Amino acid sequence: MTSLEEISHRHDDSKKTEATRVPPGSPILELVGLQKNYGYVEALKPATISFLAGEIHAIVGENGAGKSTLIKLLTGVIRRTAGEVVWCGHPVQLATPNEAIARGINAVHQEVVLCPHLTVAANLFLGDELNRFGMMRKREMEKEAQVVLDDLGFGLPAPALLGSLTIGQQQLVATARAAMRGTQFLIFDEPTAYLTRQESAQLFKLIRRLQSEGVTIVYISHRMEEVFELADRVSVLRDGTHVGTRTIGETNENELIALMINRSLEQIYHKEQIPAGETILDVRGLSGPGFEDVSLTVRAGEIVGLYGLIGAGRSEFALGLYGRQPVSAGEIHWQGKKVTIRNERDAMRLGIALAPESRRDQGLCLNLPIGLNINLPVFERLSKGPLISRSDEATNADRQIRDLSIKTPTRRVLASSMSGGNQQKVVIGKWLSHGARLFIFDEPTVGVDVGTKAEIYRLFAALLKQGAGIILISSYLPEVYELADRLHVFRQGHLVASHDYHKASHEEVLGEAIGV
Amino acid sequence: MTVTTTEVTAPAPGRRMNILFSLTLIGLLLFLWILLGIWTVSFWTPLNISNLLRQGAMTAILALGQTFVIITAGIDLSVGAIVGFTSVILAWLIQAGVPLWLSIVLTLLMGVAIGVFHGFGIVRMGLPPFIITLATLTSLRGIGLLITNGSTINITNEGFTNFARADFFGVPSLFWMVILVAIPAYFFLHLSRWGRYLFAVGSNREAARLSGVNVNRMIYLAYILSATCAAFVGVLLASRIGIGNATQADGWELQAIASSVIGGTSLFGAIGSVQGPLIGAFILATINNGANLLNVNSFWQRIITGVLIIVIVYFDQLRRRRM
Amino acid sequence: MTVTTTEVTAPAPGRRMNILFSLTLIGLLLFLWILLGIWTVSFWTPLNISNLLRQGAMTAILALGQTFVIITAGIDLSVGAIVGFTSVILAWLIQAGVPLWLSIVLTLLMGVAIGVFHGFGIVRMGLPPFIITLATLTSLRGIGLLITNGSTINITNEGFTNFARADFFGVPSLFWMVILVAIPAYFFLHLSRWGRYLFAVGSNREAARLSGVNVNRMIYLAYILSATCAAFVGVLLASRIGIGNATQADGWELQAIASSVIGGTSLFGAIGSVQGPLIGAFILATINNGANLLNVNSFWQRIITGVLIIVIVYFDQLRRRRM
Amino acid sequence: ADVTIPIIVKDTTSFYWQIVLAGARKAGKDLGVKVPELGAQSESDINGQISILENAVAGKPAAVVISPTEFKALGKPVDEAAKSVPVIGIDSGADSKAFTSFLTTDNVQGGRIAADGLAAAIKTATGKDSGDIAIITSLPGVGSLDQRREGFLDQIKTKYPNLKVIADKYADGQATTGLNMMTDLITANPTLVGVFASNLIMAQGVGQAIAENKLGDKIKVIGFDSDDKTVGFLKEGALAGLVVQDPYRMGYDGIKTALAASKKEKVEANVDTGANLVTKANMADPKIDALINPKVK
Ligand SMILES: Nc1ncnc2c1ncn2[C@@H]1O[C@H](COP(=O)(O)OP(=O)(O)OP(=O)(O)O)[C@@H](O)[C@H]1O
Ligand SMILES: Nc1ncnc2c1ncn2[C@@H]1O[C@H](COP(=O)(O)OP(=O)(O)OP(=O)(O)O)[C@@H](O)[C@H]1O
Ligand SMILES: [Mg+2]
Ligand SMILES: [Mg+2]
């Protein structure tokens, strides 16, 4: 039986990676005045950074700072406007993905880019199939794929269709794919955004293992503790400018945040003591596809946190509650009255808002302007008679853009041309103006930078003060732990434990989620 | 599932750009007109302009209806067949002695019914728009042929058949019909929330749905609008050629789609306007009219049309990319 | 540009399911055959089975070529026009005294050239497949008509025109041609990496590109395969009708697409097989053959075809959803 | 009836062929023969007609009546079919010696009659047979339409050298296209005096353009075949004449002959069913009236 190393080494040989191995500690990849403009937008201003062989190099920065742009430049996804990339001492073009792959430069991108209609195994081997006499060796590929997945401890089935997996699981497949490709230089763009602690830990183990094999790792994240846990050095981007690189031992969180946002931030988790009001929502024994017998209540002025591992059923519960998916049993009481929610419009009419977890699939109309996206749930309110009030439309969109400091020149910009974090802000902004009584935020801060996270949490507080209640679904334990007045833990579709604010430790909660 | 190409070159379909873009298409149309004015003596005669406006009118209305569907990322292949079919229905009703106004109303309702059927097939039965409208295309021609037994129904109502050739204030009645359809269409698509919903549905159905848009209703609506526009064109056609014949308007669906795309509508959905398809239809009409005036060989005419479609759409792409 | 269809109801096109699914389609085909065997005395005669195999053959090959394109989430509207056009080219070459084998090779190369042009339009010029193939559809018919001056070219080579009527080992030569195309197509699509790349391109172009798949080359390849299959059908048609005529095969593109979709190909791309479109084409041929044998009025035949398309695709969707 | 004689026409969606089928139907009733009415859905669908012929023969009928869409293309299939059943040709010929009998209209002759009619109409209107004329063909690549065009052009060239054909257009089988082409011809050529619209659907479109512009006195149009619409145009003067064949008789006699042939009776090898020019002047003539008001239903 083969293991990951063997497979990845075989790929090494078969690809004849041109890398002349560089001694650990000396520069393997250097950016010299690298620059990228999208039309008039300067996504990356001339940046000069060098990555040392065998290190884990973190990159941090606000949303839209240019991190993903940098990665896309290095992997040949987009072409640079100016500057130079030096690989092992030689300038390289990196104009196409193939050039990057041939040198052993791989990436796990922020948005999962795999083929949903192919199996996990086919995705793992895509572009690199095993052949005999021109015919693919399907069974062997499937077997090897399973070996790699098991070796990495991901527990995913190789013959499954990728499209049937959750985003988090797809992210893991993308990681496995990069790991088995004879990689020398591996870039992770916010890999843990959709992972829970458990999966994150697996991922970190993998990253360390790769490092020990001599792979250089670039790690992009908005989570400071991850950066400090993993990285050897860290570079900071701000507004497309490289503002500094630090050795991890010589810096601290506050310094990095100050570099990132050009000001200091006392506290991220903003928790005000707001007295809980009457019960808004009372769910009793709700069951549906992916969740069973869930009971919980939400009162005005309180945040109810839902924590669990991937596939624990929280999103499904939220969608069931919101009327997107049929529920098979249970009752919903809204402000004391029993109600049936047959579809999303029923939910919205009652005063429930849902900011869904996948911004690409559920949250945004990517090829429409962000203004339209923000206003979509509230057009009814923005219309006078049959026609839309253009001025109200503009006012509302501009207000959300300002309140959430969405980085965009105008509301007419297409959602697709925004950075991941800014897209996430648009998803949130859509619902803030809705005037709902109950807000369900499903992974609201995925890919959002620290500064904005703080803004968003402040906005939560403002909503609570207006008498609303919030259900906060998050796979990021510190977030739910610090914000939720009550924390419910989900496991395999069941609500297995509930705690009041800070009544249980991180470890306890995690244990309940994993089920030990 | 998600299909993504990372570098987004398409710009905001914001208001200003839309106007600029339509201007350029109008520019092309005017350019063609000036060219034809130089090449032929008869182009700029009032008679010919009238003819031109008449010739483009029916495709324009079809293209407009089609545009609603394309904006939702769908397609309606049945519009040509609906035109032929409804011309038969109308002729049949009129000849059966039904009052003219009632015949027209019933014919338009037939269009609505066909649209509802398409919506049903797409929303409830989960069929691809291409397939369900292809199926109705086939069946409707069959039903129309059954009704007429393969021949034509002659419409003897003089008032009705005179309408399509009449002028009002010097402008052909058929062109007035375009305006009659275009103005409410503009309000609907660009100024009402329903229009916004159509774009949202075309861009991302699930996101629209979670935002409280009644996606199914919008899809029904788009196909009803398209089929009703086609039924209306069926009425106009019956008036213009004075007969009901199920095999007429063969291939007009492709002309309508081409007009719409020439007018800047994206077949991937979520991009389109009211003015675009109208201009597109009149560009196509101008090409044919010009070729006839210049007495271009009919076969060359086809070749030229094909080449011009490529050229126009290509430059349109270029312009949009650069903006 | 981003195209998103959120809800993927389509399941694993895994191997086992594929076979199961084809079995069910084959089941439908056999069911139709048994039914016709009961209803008519002449269905199960060797002569009629030969006829049926001959009649479905050309659509089957077209549908197969079309399937490659649809798997990449594209569409090729030009195939009917290519059939007519290449029948003219072939007739012209043969009558000009070019040796038969060379004429056929040149005709097939013409198909390749058209495919390259489509690929160029889509990849380099960024045109939507619908538009570029619609434009060639129009132009090719024009060019073919120019060559023949609107009429037909008689092929006097007896050996060639007898071919389409011949049988080998009791099976019509046209059906052998289907097998000749289908076997390499099966190896290509289901067993080679190129086939997998086609699926990958249709599923997520960007992902395929980032994996080092030469996406542009795959798109060229799909359109070349489709156009070459069409050119091959043009050769077969010329043999069958013994003339070159540019207006032939009108509307066959829609039949090919319908066959492909009946055979389980998804118009959104990334789902399809080799056997599916073939079975789809023979289901359509059976409907026509049966209707003729049962002496069904040709107008009813259209209506029935439309209804059956809806029914078959609907049940196919249902089955796939349930799996 | 146990005797089956299918009739295969070129295009079931056209009125002309429906009259042929009506004649055949009547013959079937009169003679006690089962007459399946078959046909392609477009005159240009050659392959479709071949398939239909194959299917018809597979049903083991007593005989087959067919109107071949294309002279050359149907030759071999007719040969093939004639091996098992007698084949009777109607309307147009095919490249086969296997036909038991032929009942045809000579389409070339029809074109000549149209040319004569047009020249006569122009002469009546302007006093001389000279001026600019045009021809509009419904679809390219259709055998009978090609022959009409050929006969017309040849007759003009040889008999009326002063009539100049300034436009030779092909439409796409749509009445609207014919209408648009005609209005454009009127605009571009103020000197136009005559037009030949060589089938029913074009005559409808062209007639409409003439009626619309009230140019019946100035531009003389000869159509081909007839229905209520074109007869109406003839009455109001938008059309100057129609070349009318006898489709009903072709259908009727086709079946009759086929039945005879199937019983091995001797039948005439060639029958010309003829073509006539109908004008306002001879419309009331009972023979002509029967032609333009066929008993379809
Ligand atoms: N295709 C594009 N067209 C135009 N502008 C773009 C495009 N892609 C990115 N940008 C802009 O480039 C800038 C940098 O984006 P990038 O995606 O690199 O940010 P990021 O640092 O990865 O942010 P995040 O943390 O939110 O993912 C942003 O201002 C973004 O709006
Ligand atoms: N449409 C569906 N039908 C049936 N089961 C589904 C469907 N979608 C997801 N599931 C399954 O339901 C379970 C719950 O998934 P869900 O996405 O709700 O989990 P979650 O707790 O929100 O985790 P995540 O962190 O991935 O969002 C998973 O096992 C998933 O595979
Ligand atoms: Mg990013
Ligand atoms: Mg979730």
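Given the structure is predicted, the values throughout are model-derived calculations rather than measurements. To find a chain, count down the sequence lines: A is the first, B the second, and so on, and within it residues start at 1. Computed over heavy atoms, backbone and side chain alike; hydrogens, waters and symmetry mates excluded.
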Start with the C-alpha distance between C:Y197 and A:E129, add both sets of side-chain angles, then the distance that settles side-chain contact (heavy atoms from CB on, under 4.5 Å), and finish with yes or no. CA-CA 10 Å; C:Y197 292 166; A:E129 285 79 4; 2.7 Å; yes

side-chain contact (heavy atoms from CB on, under 4.5 Å) between A:V77 and C:E206, worked out: CA-CA 9 Å; A:V77 177; C:E206 189 63 13; 3.6 Å; yes

Before you tell me yes or no, could you show the steps for A:M136 and C:L191 under side-chain contact (heavy atoms from CB on, under 4.5 Å), namely the whole-Å CA-CA distance, both residues' side-chain angles and the distance that decides it to 0.1 Å? CA-CA 6 Å; A:M136 287 184 298; C:L191 301 178; 5.9 Å; no

Is there a side-chain contact (heavy atoms from CB on, under 4.5 Å) between A:M135 and C:H190 once you walk through the steps? CA-CA 9 Å; A:M135 297 292 120; C:H190 293 296; over 6 Å; no

For residues 214-221 of chain C, which side-chain donor-acceptor pairs fall under 3.5 Å, sequence neighbours excluded?
{"from": "C:N214", "atom 1": "OD1", "to": "C:R217", "atom 2": "N", "distance (Å)": "3.2"}

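Contacts between A:R137 and chain C at a heavy-atom distance below 4.5 Å are absent for every atom of the residue. With a 4.5 Å cut-off on non-hydrogen atoms, C:F188 does not touch chain A at all.
Rounding to the nearest 0.5 angstrom, the gap separating the CG atom in A:N123 from the OG atom in C:S211 is 7.5 Å. Going from atom CG of A:D128 over to atom CZ of C:R193 covers 7.5 Å, rounded to the nearest 0.5 Å.
In terms of heavy-atom proximity, C:V213 sits nearest to A:G127 at CG2-CA, 4.3 Å. The shortest non-hydrogen separation linking C:R196 to A:L126 is CG-CD1, 4.4 Å. A pairwise comparison of heavy atoms in C:G212 and A:I101 identifies N-CD1, 3.7 Å as the closest pair.
Counting non-hydrogen atoms of other residues, nucleotides and ligands closer than 6.0 Å to CZ of C:F130 gives a total above 12.
Chosen from A:C115, A:S358, A:C365, the residue pairing most often with chain C at heavy-atom distances under 4.5 Å is A:C115. Chain C forms more heavy-atom pairs under 4.5 Å with one residue of A:G76, A:A107, A:A122 than with any other, namely A:A122.
For the residue pair C:R209 and A:T96, no side-chain donor N or O sits within less than 3.5 Å of a side-chain acceptor on the partner.
Checked by atom type and distance alone, the side chain of C:S203 pairs as donor or acceptor with a backbone atom of A:H117 at under 3.5 Å.
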